[in-house]
Amino acid sequence: MTPPTPAPARGAPPPGPETGLFSLVDLTVEDVAQLAERALELHHDHAAHTRPLAGAALGMLFALPSTRTRTAFTVAAVRLGAVAVPYGPGDLHPPTEEAVEDTGRALGSMLDGLVVRPAGSLDDLRRLSRHGHLPVVNAMTPEEHPTQGISDLATLRLTLGSLDGLRLLYVGEGNGTATALALALAGVPGCEATFACPPGHGLPDGFLVDARKRAARVGATFSCRDSARSLPAGVDVVYTSRRRTIGSGESDAAWRERFRPFHVDEEFMTRRPGALLLHDLPARRGDEVSGAVLDGPRSVAWTQAAMKLGGAMAVLERFVGSQALEAPAPPETPAVSGASDA
């Protein structure tokens, strides 16, 4: 006997809880450390898993350019057993044509998870998850780049071993990478982190407050400077990032002059003889960093880039793998039976 066909739902399904990775603020410091350790394991062995996403379909929505993060998550999805469904700029209806909630409902009815670098804000990702009833991973918003923070922590563990008492100097824009870095370092016991950013380009106050609260529990400290003068010399790591958050634009043509004192060149690194260089890439040689430093023997930027695959695999395994094929169907609004339509 053929089973009866369910009556179609009427009306928009109600929203559900947010699931996925939006911000490191949502995780405990132990969670962040565990993700970094798992990223390191998967960096060493890409097959160290049980294909937890076998049979899943993951959307890769990148409304802004991406080289490393998009490739990392696409390859991570494939290695974990999923099929990656790519969406680039202009492939989906923009929020001006379709509400984010409607896009979420449509994608959630077909996909098992979604990795997003939006043209909008972090709140858009939370809405996609709630209305699509699917896990969403933040692949960088203006507010934060959480998977970069996880990969950075794993890179530091790989290159330095124990991170207790780490001394790090971040120089440049207080963008989403810097925010995620601060939140990731907040769980490192005894860490001393200095963030030097031009006036008006520092870390967002709210995220800094969160980072300091978390750091206080493990004896880590954060200091912020708006000048490149008298920065600490006894550091283990110098970290810099591309000027101007990717895709945000810049209306002030004099921005390069404001950032010039924060340029990391051979002289800057000579004053810090024991320090390694980290850079999240892409880089503009001659702007935030000199080519000689970026490509030199103290740079671990290329290891850092390679670590993004392990980080992407760890994140998908944790936030999508446990839900992709087991998540209950989204709640439906009351259906009207065929008989009552007659």
Side-chain angles (χ1 to χ4, degrees), residues 24 29-30 32-33 35-37 39-40 145-146 148-198 201-203 207-241 259 261-281 283 288-290 293-294 296-304 307 311:
L24 297 186
V29 294
E30 292 79 14
V32 176
L35 283 166
E37 290 299 316
L40 190 53
H145 196 351
Q148 183 70 54
I150 292 167
S151 298
D152 287 344
L153 201 60
T155 302
L156 289 169
R157 278 278 291 112
L158 177 64
T159 55
L160 298 174
S162 173
L163 300 185
D164 291 5
L166 174 71
R167 300 166 300 171
L168 182 141
L169 171 61
Y170 179 93
V171 184
E173 183 184 51
N175 54 23
T177 289
T179 298
L181 178 66
L183 292 169
L185 293 178
V188 176
C191 175
E192 297 177 8
T194 302
F195 289 82
C197 309
H201 294 272
L203 276 69
F207 281 95
L208 192 57
V209 168
D210 287 327
R212 282 177 167 151
K213 285 180 179 177
R214 295 157 77 92
R217 302 170 193 162
V218 296
T221 59
F222 292 91
S223 64
C224 296
R225 312 277 186 88
D226 61 4
S227 170
R229 297 177 182 176
S230 302
L231 294 178
V235 296
D236 305 303
V237 176
V238 171
Y239 195 131
T240 191
S241 177
F259 279 97
F262 299 84
H263 176 69
V264 177
D265 56 14
E266 297 92 320
E267 180 183 355
F268 188 96
M269 294 300 288
T270 297
R271 297 197 298 271
R272 296 158 180 86
L276 298 175
L277 175 84
L278 266 67
H279 191 306
D280 59 331
L281 303 175
E288 72 274 11
V289 66
S290 70
V293 171
L294 182 65
R298 294 163 66 187
S299 170
V300 293
W302 311 107
T303 298
Q304 191 180 357
M307 187 64 73

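Only heavy atoms go into these numbers, but all of them, side chains included; no hydrogens, no water, no symmetry mates.
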Visitor: Hey, does Val293 have a side-chain heavy atom less than 4.5 Å from the side chain of Phe268?
Guide: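 Of all side-chain heavy-atom pairs linking Val293 with Phe268, none is under 4.5 Å.
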Visitor: How close do Thr270 and Arg298 get, heavy atom to heavy atom, and via which atoms?
Guide: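 Shortest heavy-atom separation between Thr270 and Arg298 comes out as N-NH1, 4.4 Å.
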Visitor: Leu163: what forms a side chain to side chain contact (heavy atoms under 4.5 Å, CB included) with it, not counting sequence neighbours?
Guide: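 Leu163: side chain to side chain contact (heavy atoms under 4.5 Å, CB included) contacts with Leu153, Leu156, Arg157, Leu160, Val188.
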Visitor: According to ring pair (Phe, Tyr, Trp, His ring centres under 6.0 Å), does anything in residues 162-181 pair up with another residue at least two apart or in another chain? List the pairs.
Guide: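 Qualifying pairs, neighbours excluded: Tyr170-Phe195, Tyr170-Tyr239.
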Visitor: Sequence neighbours left out, what pairs pass salt bridge (charged side-chain N to carboxylate O under 4.0 Å, His left out) with at least one residue falling in residues 175-192?
Guide: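 Not a single pair qualifies under salt bridge (charged side-chain N to carboxylate O under 4.0 Å, His left out).
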Visitor: Not counting sequence neighbours, which residues clear side-chain hydrogen bond (donor to acceptor under 3.5 Å, both in side chains) with Arg271? List them please.
Guide: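 Counting only residues at least two positions away or on another chain, Arg271 forms a side-chain hydrogen bond (donor to acceptor under 3.5 Å, both in side chains) with Glu267.
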Visitor: Listed by chain and number, what are the salt bridge (Lys or Arg N to Asp or Glu O under 4.0 Å) partners of Glu266, not counting sequence neighbours?
Guide: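 Expected list: none.
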Visitor: Going by distance alone, is a donor N or O of one side chain under 3.5 Å from an acceptor N or O of the other, for Asp280 and Gln304?
Guide: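 No - no donor-acceptor pair under 3.5 Å links their side chains.
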Visitor: Look up atom CZ in Phe262 and atom OG in Ser227, then write down how far apart they are to the nearest 0.5 Å.
Guide: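 Answer for the CZ-OG pair, Phe262 versus Ser227, is 6.0 Å.
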Visitor: Find out whether Glu173 and Phe259 are in side-chain contact, i.e. whether some heavy atom of one side chain is under 4.5 Å from a heavy atom of the other.
Guide: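 Answer yes - side chains close enough.
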Visitor: If every non-hydrogen atom of Ala154 is compared with every non-hydrogen atom of Ala39, which pair is closest and at what distance?
Guide: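 In terms of heavy atoms, the two residues are closest at CB-CB, 4.0 Å.
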Visitor: How many angstroms lie between atom CG of Leu203 and atom OG1 of Thr179, to the nearest 0.5 angstrom?
Guide: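 Rounded to the nearest 0.5 Å, the CG-OG1 separation comes out at 4.5 Å.
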Visitor: Without swapping roles, check the side chain of Thr240 against the backbone of Val171 for a donor-acceptor pair under 3.5 Å.
Guide: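 Yes, because the side chain of Thr240 sits within donor-acceptor range (under 3.5 Å) of the backbone of Val171.
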Visitor: Which atoms form the tightest heavy-atom contact between Gly149 and Ala184, and what is the distance?
Guide: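 Taking Gly149 first and Ala184 second, the nearest heavy atoms are O-CB, 3.7 Å.
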Visitor: How would you list, by chain and number, every residue that makes a side-chain hydrogen bond (donor to acceptor under 3.5 Å, both in side chains) with Ser223, sequence neighbours excluded?
Guide: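 Thr194.
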Visitor: Using every non-hydrogen atom in the two residues, find where Ala211 and Ala182 come nearest and quote the distance to one decimal.
Guide: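 Between these two residues, the closest heavy atoms are CB-O, 4.1 Å.
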Visitor: May I have all residue pairs that pass salt bridge (charged side-chain N to carboxylate O under 4.0 Å, His left out) and include part of residues 211-227, sequence neighbours excluded?
Guide: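 Qualifying pairs: none.
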Visitor: Please tell me if the side chains of Thr221 and Cys191 come closer than 4.5 Å, counting only heavy atoms from C-beta onward.
Guide: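 A side-chain contact is absent here, since even the closest heavy-atom pair is not under 4.5 Å.
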Visitor: My understanding is that only residues two or more places apart in sequence, or in another chain, count here; which of them pass side-chain hydrogen bond (donor to acceptor under 3.5 Å, both in side chains) with Glu288?
Guide: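 Here the qualifying residues are His279.
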Visitor: Is there a donor-acceptor pair closer than 3.5 Å between any side-chain N or O of Arg229 and the backbone N or O of Pro261?
Guide: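 Looks like no, no N/O pair under 3.5 Å.
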Visitor: Kindly give the heavy-atom pair with the smallest separation between Gly172 and Pro198, and that separation in Å.
Guide: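 It is O-CD, 3.5 Å.
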Visitor: What's the verdict on side chain to side chain contact (heavy atoms under 4.5 Å, CB included) for Val264 and Ser290, showing C-alpha distance, side-chain angles and the deciding distance?
Guide: CA-CA 6 Å; Val264 177; Ser290 70; over 6 Å; no
Visitor: Go through it in stages, so that I can follow the logic: the residues are Ile150 and Leu24, the test is side chain to side chain contact (heavy atoms under 4.5 Å, CB included), and I'd like the CA-CA distance, side-chain angles, deciding distance and then a yes or no.
Guide: CA-CA 9 Å; Ile150 292 167; Leu24 297 186; 4.1 Å; yes
Visitor: Show the nearest heavy-atom pair for residues Ser151 and Gly311, with the distance to one decimal.
Guide: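 Scanning both residues completely, I find the closest heavy atoms to be OG-CA, 3.8 Å.
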Visitor: Can I get a per-line list of side-chain donor-acceptor pairs under 3.5 Å for residues 230-238, giving both atom names and the distance, sequence neighbours left out?
Guide:
| from | atom 1 | to | atom 2 | distance (Å) |
| --- | --- | --- | --- | --- |
| Asp236 | OD1 | Arg167 | NH2 | 3.0 |
| Asp236 | OD2 | Arg167 | N | 2.8 |
| Asp236 | OD2 | Arg167 | NE | 3.4 |

Visitor: With the side chain counted from C-beta on, respond yes when His145 and Leu181 share a heavy-atom pair under 4.5 Å apart, and no when they do not.
Guide: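 They are not in side-chain contact.
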Visitor: Please evaluate residues Leu277 and Val289 with respect to the criterion side chain to side chain contact (heavy atoms under 4.5 Å, CB included), reporting the C-alpha separation (whole Å), side-chain torsions for both, the decisive distance (0.1 Å), and the verdict.
Guide: CA-CA 10 Å; Leu277 175 84; Val289 66; 4.2 Å; yes
Visitor: So, using side-chain hydrogen bond (donor to acceptor under 3.5 Å, both in side chains) as the criterion, who are the partners of Ser299 when residues are at least two apart?
Guide: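 With sequence neighbours excluded, Ser299 shows a side-chain hydrogen bond (donor to acceptor under 3.5 Å, both in side chains) to no residue whatsoever.
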Visitor: Could you state the interatomic distance from OG1 (Thr177) to CG (Leu278), rounded to the nearest 0.5 Å?
Guide: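 Reported value, rounded in 0.5 Å steps: 11.0 Å.
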